[in-house]
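For reference, the structure discussed in these notes is given below.
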Amino acid sequence: MASQKIAMGINLRQNKIEGSSAYGKYYPEVDQQKTLSLRGFAQHMTDHGSIYGRAIVEGVLMQITECLPELVAQGVPVQLGSLGTFYPTAEVKKDAAVPNIAAMDGLNPNDVVKAIHIRFLPDSTKLDNLCGPAFKDHCTLEFRNIIATQKVVINGKEKSVTTLKPIATAVAEWKAQNGGSSTGSETESVMAPEISGTSPFTDTTQVTIQGPQGAEVRYTTDGSDPSAESALYSEAITLNATTTIKAIAILDGETSEVASKTFTKSGESGGFDLGN
């Protein structure tokens, strides 16, 4: 089980709605990772100290997925310990609200109710508060990328393509183009390296680090910031456990910002445990 607390990545997206008071500003979005399957979640619970094997844990979770909707469909809210409560709500059809008591006589609920939604209410007690600002205290946040969506034509069809640029790279480019930082400090002209690899991964993953042409790249795997004395990157790094890679580029005596990326192995976690 990993000992470090795995960071939640935060990307920034620019508001490009002309006329908006927020036009041009950047707003945070969670850098969501690949969804963990029920089996993967069961393995995570097993690796997280459960006395039961994966098959038993997976069986219990599958039973929950069957029984919880059954109970909620009967109007019974289900509380899962300190996690929170699943409960149903009704959505009315357009213009179908019951106008008065007389109209209720012989009325079929299906003529009024458009949908039944399963809702989730996080626990908000002082001890196990998982709501909004309180849950943020359980997270370790790190900025990662500027995210943008643009329209491109592929094989004659217009499609939306999402691009990512490391924030450290964008800042370095901005400084290079504007002759220095907004605080008037010395110009940082060396772009931060780009760290690439698959996360989450099952057994192993290969991590590559690409720095500016001619730069030497130094990196760490223990979560500490790298320096000129850190390991020199020369070939792909093979990971078999959850690891945070941090890297810098050094060119002509100048050092870039620190690039950082966490690679998560399925079944490992250093973050906040929702279980007991």
Side-chain angles (χ1 to χ4, degrees), residues 1-11 29-74 76-88 117-125 127-131 134-142 144 195-208 220-223 236-246 260-276:
M1 182 170 58
S3 59
Q4 72 178 110
K5 190 171 183 179
I6 299 174
M8 173 187 289
I10 299 296
N11 295 330
E29 296 182 4
V30 172
D31 184 17
Q32 294 195 37
Q33 304 299 299
K34 181 179 179 181
T35 300
L36 191 64
S37 66
L38 185 141
R39 173 162 294 188
F41 186 39
Q43 186 62 57
H44 166 84
M45 293 177 66
T46 302
D47 295 340
H48 217 276
S50 172
I51 62 174
Y52 303 104
R54 182 194 57 76
I56 294 177
V57 175
E58 184 177 357
V60 172
L61 289 174
M62 291 183 66
Q63 193 69 31
I64 290 175
T65 65
E66 295 175 3
C67 293
L68 190 148
E70 175 188 356
L71 290 168
V72 175
Q74 298 169 10
V76 181
V78 178
Q79 181 183 13
L80 294 184
S82 60
L83 183 60
T85 303
F86 291 85
Y87 64 98
H117 299 281
I118 296 181
R119 305 295 189 188
F120 174 70
L121 179 65
D123 187 277
S124 59
T125 61
L127 180 62
D128 299 301
N129 194 341
L130 300 183
C131 296
F135 184 64
K136 185 176 76 73
D137 293 338
H138 295 297
C139 306
T140 297
L141 306 182
E142 67 176 18
R144 290 183 181 166
I195 305 172
S196 303
T198 301
S199 180
F201 60 94
T202 303
D203 296 315
T204 63
T205 188
Q206 295 285 314
V207 175
T208 59
T220 61
T221 59
D222 61 0
I237 306 165
T238 301
L239 302 180
N240 57 17
T242 295
T243 305
T244 295
I245 300 286
K246 292 188 175 183
S260 176
K261 187 169 184 179
T262 298
F263 297 88
T264 305
K265 183 174 182 178
S266 298
E268 292 187 354
S269 173
F272 176 62
D273 180 13
L274 292 178
N276 293 314

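Values below: all heavy atoms of this structure, side chains included; hydrogens, waters and symmetry mates excluded.
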Does the side chain of Gln33 reach to within under 4.5 Å of the side chain of Thr262, using non-hydrogen atoms? no
Is there a donor in the side chain of Thr264 and an acceptor in the side chain of Thr242, or the other way round, less than 3.5 Å apart? no
Separation between OG of Ser37 and CD of Glu58, rounded to the nearest 0.5 Å: 8.0 Å
Least distance between heavy atoms, Ala7 atom then Arg144 atom: O-NH2, 3.4 Å
Nearest 0.5 Å please: distance from the CG atom of Asp31 over to the NZ atom of Lys261. 7.5 Å
Nearest heavy-atom pair of Glu66 and Pro69: which atoms, and what distance? O-CD, 3.5 Å
Worked check of side chain to side chain contact (heavy atoms under 4.5 Å, CB included) between Val76 and Glu70: CA-CA 9 Å; Val76 181; Glu70 175 188 356; over 6 Å; no
How would you list, by chain and number, every residue that makes a side chain to side chain donor-acceptor pair (under 3.5 Å) with Thr65, sequence neighbours excluded? none
Any sub-3.5 Å donor-acceptor pair from Lys265's side-chain atoms to Asn240's backbone N or O? yes
Do Ile195 and Lys246 have side-chain heavy atoms sitting under 4.5 Å apart? no
In Å and rounded to the nearest 0.5 Å, what is the CD1 to CG distance from Ile56 to Leu61? 12.0 Å
Measure the acute angle between the ring planes of Phe41 and His44, then classify it against the limits of 30° and 60° as parallel, tilted or perpendicular. parallel
Kindly give the heavy-atom pair with the smallest separation between Tyr87 and Pro77, and that separation in Å. CB-CB, 4.0 Å
Partners meeting side chain to side chain contact (heavy atoms under 4.5 Å, CB included) with Thr205 (sequence neighbours left out): Thr198, Phe201, Val207, Leu239
When you compare the side chain of Ile245 with that of Thr220, does any pair of heavy atoms fall below 4.5 Å? no
What distance separates Leu121 CG from Thr85 OG1, expressed to the nearest 0.5 Å? 6.0 Å
Contact between Arg54 and Arg39 at the side-chain level, heavy atoms closer than 4.5 Å - yes or no? yes
Leu80/Leu68 under side chain to side chain contact (heavy atoms under 4.5 Å, CB included): CA gap, chis, key distance, verdict: CA-CA 10 Å; Leu80 294 184; Leu68 190 148; 4.2 Å; yes
Any side-chain heavy-atom pair from Leu83 and Phe120 closer than 4.5 angstrom? yes
How many angstroms lie between CD in Gln32 and CE in Met8, if you round to the nearest 0.5 Å? 8.5 Å
